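Heads up: the structure comes next, in structure tokens.
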Amino acid sequence: MDFCKGVNIAIVCKVFGFTGASAEVIKIKFEKYGGRAEIYSDKTNLNQISHIIVPSKITENALEKILNKKLSDLKCYIVNEEWAYNTIIKKQVQNPSFYIWSETPSQAQKRKPQTICQVEKLPKLNLNFQSTQNLNYHLTKEIEKLKNLYEVLGDKGRSITYSNIIRSLRLLPFKVENTKQLEGMENFGKKTLNKIKEILEKGTLERLKSFRQNERLQVMESLTQVHGVGNDLAYFLYKKGILTISSLQNYAIINPGEFTKTQLIGIELHNEFSSKISRDEVENISQTIKSQVFAYDKEAFFEICGSYRRGRELCGDVDIVIGTNDTDLLYKVVENCSIITHVLSLSGHKFIGVGKIQDLHRRIDIYCVKPNEFWFAVQLIIIDFYD
DNA sequence: GCCG
DNA sequence: CAGTACG
DNA sequence: CGGCCGATACTG
């Protein structure tokens, strides 16, 4: 399968908030089918590019700023992300002239006749499970602890670097046995290599032990486990002498006015959220939501993702992706679904909230995307680029 | 922490 | 706007 | 040194 051979794309493409990560999925797919793809950066040589993929919502000014070029000077096609989706889904490079990006919808519509996949014909993308498997869990689990601690400390720089390192390790196609295998890789500097060496030899990090002895860190790390409590609030609470989640719970009952609605829900239900969910229960919850979805759109796509999809026996939350053209579907489902008890945040394409079907309240996330984005969203939510 |  | 959360 | 994932997205 190399129908993308000769196609050389640069992606400025960002979709429904997953942004860089969804661009990565497009890149992976194009390369799998023999094409060449890169995420656009200032190093990109536009002379070698056949298609630039841009988000439909971007403005012309912004795009020219990013590309640092007048659009009229470009020789390649500037197409929207649907071109990329449909090329991959239909396994055939699409005629770019149907997908030429344009800032104003009316212009775009004129040039963009009915090219979108018929929903009932939309084929299922082969999910690449290899890319979802983390062969370097022995390293990432330790580095993740380090990342969390720096996050708690408010050291954004280190926590971002460690996130990048974790992501690279997760995507590696082999298990690391030796730091030589990582030398020269982006983001892997001397100190990181030393830490990895230490983990390979001893299984843990000395640095972690010293962090464990720091009371403030320990308290803040624990408090930030509560949904809605970040490091700012955690530090504030620590200074106030609130050192445990149960004392936070008591404090919040007496002083509810000091917290947002979201935080109050997180505090109240924290104990329930921290208990894991069986696959059976995930399926039961999903089934209820699914029937609600189909009540509004019989053609909708529906998949359970997240850790359930990664095969875990016990899941932290319920992750659902819906594919539909109905932009109000998510609102309707959330409002009318009997098992949904709380809304933490809600928009047309993302629900973060709480539901209950048995004895405990459970965290539920629902993503709602257009049908031709569906399998990309599913893959994205399984892969876990960041974590 | 890493990178320019 | 800052804070928080999601992948 | 200074900046760091997302022209994220929601809440208050």
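Atom set for the values below is all heavy atoms of this structure, side chains included, hydrogens, waters and symmetry mates excluded. In what follows, chains carry the letters A, B, and so on, assigned in the order in which the sequence lines appear, proteins first and then strands, with residues in each chain numbered from 1. Since the model is a prediction, treat every value here as computed from it, not as a measurement.
One finds a side-chain N or O of A/N231 lying less than 4.0 angstrom from the OP1 or OP2 phosphate oxygen of C/dT4. Taking side-chain N and O atoms only, A/R363 has no distance below 4.0 Å to OP1 or OP2 of C/dA5. Regarding contacts with the backbone of D/dC10, every side-chain N or O of A/K350 stays at 4.0 angstrom or more from both OP1 and OP2. OP1 or OP2 of B/dG1 lies within a sub-4.0 Å distance of a side-chain N or O belonging to A/Y150. Checking the phosphate oxygens (OP1, OP2) of D/dC10, a side-chain nitrogen or oxygen of A/S347 falls inside 4.0 Å. Note on A/R167: every side-chain N or O is 4.0 Å or more away from OP1 and OP2 of C/dG7. Contact check, A/H227 against C/dC6: a side-chain N or O comes under 4.0 Å of OP1 or OP2. One finds no side-chain N or O of A/T262 lying less than 4.0 angstrom from the OP1 or OP2 phosphate oxygen of C/dT4.
For the pair A/H342 NE2 and D/dT11 P, the interatomic distance rounds to 15 Å; values are reported in whole Å. Regarding A/L223, its CG atom lies at a distance of 12 Å from the P atom of C/dT4, rounded to whole Å. In this structure, A/L344 atom CG and C/dG7 atom C1' are separated by 17 Å, rounded to whole Å. Rounded to an integer number of Å, the gap from CG of A/L330 to P of D/dA9 is 15 Å. Rounded to whole Å, atom P of C/dT4 lies 15 Å from atom CD1 of A/I352. Rounded to whole angstrom, the span from the CD1 atom of A/I320 across to the P atom of C/dG7 amounts to 13 Å.
Cation-pi geometry between A/R362 and A/F273 is not satisfied (NZ or CZ under 6.0 Å from the ring centre, within 45° of the ring normal). Geometrically, A/R279 engages A/Y308 in a cation-pi contact defined by less than 6.0 Å to the ring centre and at most 45° from the axis. For the pair A/K240 and A/Y238, the cation-pi test (distance below 6.0 Å, angle within 45°) is failed.
Taking the six-membered ring where the residue is Trp, A/Y85 and A/F376 present tilted rings, their angle falling between 30° and 60°. Using the six-membered ring where Trp is involved, A/H361 and A/H342 have ring planes that are perpendicular, over 60° apart on the 30 and 60° scheme.
Residue A/V321 is classed as having no contact, given no heavy-atom separation below 4.0 Å to the nucleic acid. Residue contacts for A/L146: at a heavy-atom cut-off of 4.0 Å it reaches no nucleic acid atom on any strand shown.
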Give me, pair by pair, the N or O atoms of the protein and of nucleotides 1-4 of chain D that are less than 3.5 Å apart, along with how far apart they are.
none

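Contacts classified as ring pair (Phe, Tyr, Trp, His ring centres under 6.0 Å) and involving residues 147-196 of chain A (residues at least two apart or in different chains) are given here: A/Y150-A/Y162, A/Y150-A/F211.
Hydrophobic clustering, with ILVMFWY side chains joined whenever heavy atoms are under 4.5 angstrom apart, keeps A/I352 apart from A/I366.
Shortest non-hydrogen contact noted between A/L264 and A/A252 is CD2-CB, 4.2 Å.
Salt-bridge check for A/K69 with A/E64: failed, with every basic side-chain N at 4.0 Å or more from each acidic carboxylate O.
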Response to the item:
Applying the Watson-Crick and G-U criteria (both distances under 3.5 angstrom) with [ ] for crossing and | for other-strand pairs, one obtains for DNA chain C |||||||
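Listed nucleotides D/dC10, C/dG3, B/dC2 differ in distance to A/D232; the shortest reach to its side chain belongs to C/dG3.
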